[in-house]
Amino acid sequence: MNKDQLENRLPRSFYERSPIVVAQQLLGKSLLRRVRQQWIGGRIVETEAYLAAEDPASHSARGRTPRNASMFGPPGTLYVYTIHAKYCLNAVTEAAGVGSAVLIRALEPIWGIKRMKKNRGVDDLRRLARGPAMLCQALGIDRQQDGIDLVDSDLVAITGSPSEDPSISESLTVTSSPRIGISQATERQLRFFVDANWYVGGRASDHENRPTRP
DNA sequence: ACAACGATACCCT
DNA sequence: GGGTATCGTTGTT
């Protein structure tokens, strides 16, 4: 990963939209983490949308707490939360104070694979970043990065063509399914993933849903 | 102070 | 496909 690609960073306006749109548009974009002089990471291949107050599965549904405070930050804020002694990361969407976000669930590892293997303690490419907590471990992201501004930070960034440029998204077949691991609003199709991508997690039954257009 | 509970991952069959 | 390790956060005594 060289520095030039960072100039392709997504602007705040990208995030200032419905998480349902942003979740789909993030597929194919690059999630990057700086380790010393090097940027490591890969392509986003699986996401989930978490809405604001009307979504009972969302961390923001029962209001602001110390844990979820950054979810109410400006669009483009990084929200990192702890679950089962692990970490997962989201990109905050819509206006500050709303409380919606997109969970990034899987990455196709591309840059700094050696470093990510070391961070994960595994050698299998497929088990490097297939799952939200695996991905954070691979990138070395924890609660210390909670609240970082993805639009501006020199530690974590998301790059790629902006939403209005269809060059990446249109070449991908995006499929939706129910979100993983939730117990409420399980009927909503708010998980999105690149169809048939080798690095997308979940069981075969999760892939029986109709394709959608971003 | 404490008990319950995850937007999980791993190991086992 | 199922059981469980593991720990921060939250809501309740």
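Basis for what follows: all heavy atoms, side chains included, without hydrogens, waters or symmetry-related copies. Because the structure is a prediction, the values reported are computed rather than measured. Here is how names work: the chains are called A, B, and so on, in the same order as the sequence lines, proteins then strands, and each is numbered from 1.
Relative to the six-membered ring of A:Phe14, A:Arg17 meets both conditions, a distance below 6.0 Å and an angle of at most 45° to the axis.
Annotation: side chain of A:Arg43 is in contact with side chain of A:Ile110 (closest heavy-atom distance under 4.5 Å). A:Ile158 is listed as a side-chain neighbour of A:Leu26, based on a closest heavy-atom distance under 4.5 Å. You'll find the side chain of A:Ile104 stays beyond 4.5 Å of the side chain of A:Asn90, heavy atoms only. Between A:Leu135 and A:Leu89, the closest side-chain pair of non-hydrogen atoms falls below 4.5 Å.
Taking atom CD of residue A:Glu48 and atom P of nucleotide B:dG6, one finds them 15 Å apart after rounding to whole Å. The CD-C1' distance, from A:Glu46 to B:dA7, rounds to 11 Å in whole Å. Spacing between atom CD of A:Gln137 and atom C1' of C:dC7 amounts to 15 Å, rounded to whole angstrom units. Per the geometry, CG belonging to A:Leu103 stands 16 Å off P belonging to B:dG6, to the nearest Å. Distance CG (A:Leu89) to C1' (B:dT8): 14 Å, rounded to an integer number of Å. Look at NZ on A:Lys86: it is 7 Å from P on B:dA9, rounded to the nearest Å. Taking atom CZ on A:Arg179 and atom P on B:dT8, their separation rounds to 12 Å, with Å as the unit. Note: CD (A:Gln144) to P (C:dG8) measures 13 Å, nearest angstrom.
Judged purely by atom type and a 3.5 angstrom limit, A:Gln38 has no side-chain atom pairing as donor or acceptor with the backbone of A:Arg34. Although no hydrogens or angles enter the test, the distance criterion places no donor-acceptor pair under 3.5 Å between the side chain of A:Thr159 and the main chain of A:Arg9.
In this structure, A:His59 has its ring center at least 6.0 angstrom away from the ring center of A:Tyr50.
The aromatic ring of A:Tyr81 does not sit over the base of B:dA7; the criterion of centres under 5.5 Å apart with planes under 30° is not met.
The nucleotide whose nearest atom lies closest to any side-chain atom of A:His84 is, among B:dA9, B:dA7, C:dA5, C:dA5. Taking every side-chain heavy atom of A:Ala133 into account, B:dA9 is the closest of B:dA9, C:dG8, B:dG6. In this structure, the nucleotide among B:dC10, B:dA7, C:dT6 sitting nearest to the side chain of A:Ala85 is C:dT6.
The residue A:Ile182 sits close only to the backbone: its heavy atoms come under 4.0 Å of sugar-phosphate atoms, none of a base.
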Legend entry - Dot-bracket pairing map - DNA chain B, Watson-Crick plus G-U, both contacts under 3.5 Å, | cross-strand: ||||||.|||||.
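Proximity of A:Arg143 to the phosphate of C:dC7: no side-chain N or O atom is located under 4.0 Å from OP1 or OP2. For the pair A:Arg105 and B:dT8, the criterion of a side-chain N or O lying under 4.0 Å from OP1 or OP2 is met.
Listed by residue number, A:Ala57, A:His59, A:Met71 are the residues of residues 51-79 of chain A with a heavy-atom contact under 4.0 Å to DNA chain B.
Within a 6.0 Å radius of CZ in A:Arg67, other residues, nucleotides and ligands contribute more than 12 heavy atoms. Remark: A:Arg126 CZ is packed, more than 12 non-hydrogen atoms of other residues, nucleotides or ligands lying under 6.0 Å away.
Mapping A:Arg120 and A:Ser183 onto DNA chain B by nearest heavy atom places A:Ser183 closer to the 5' end of the strand.
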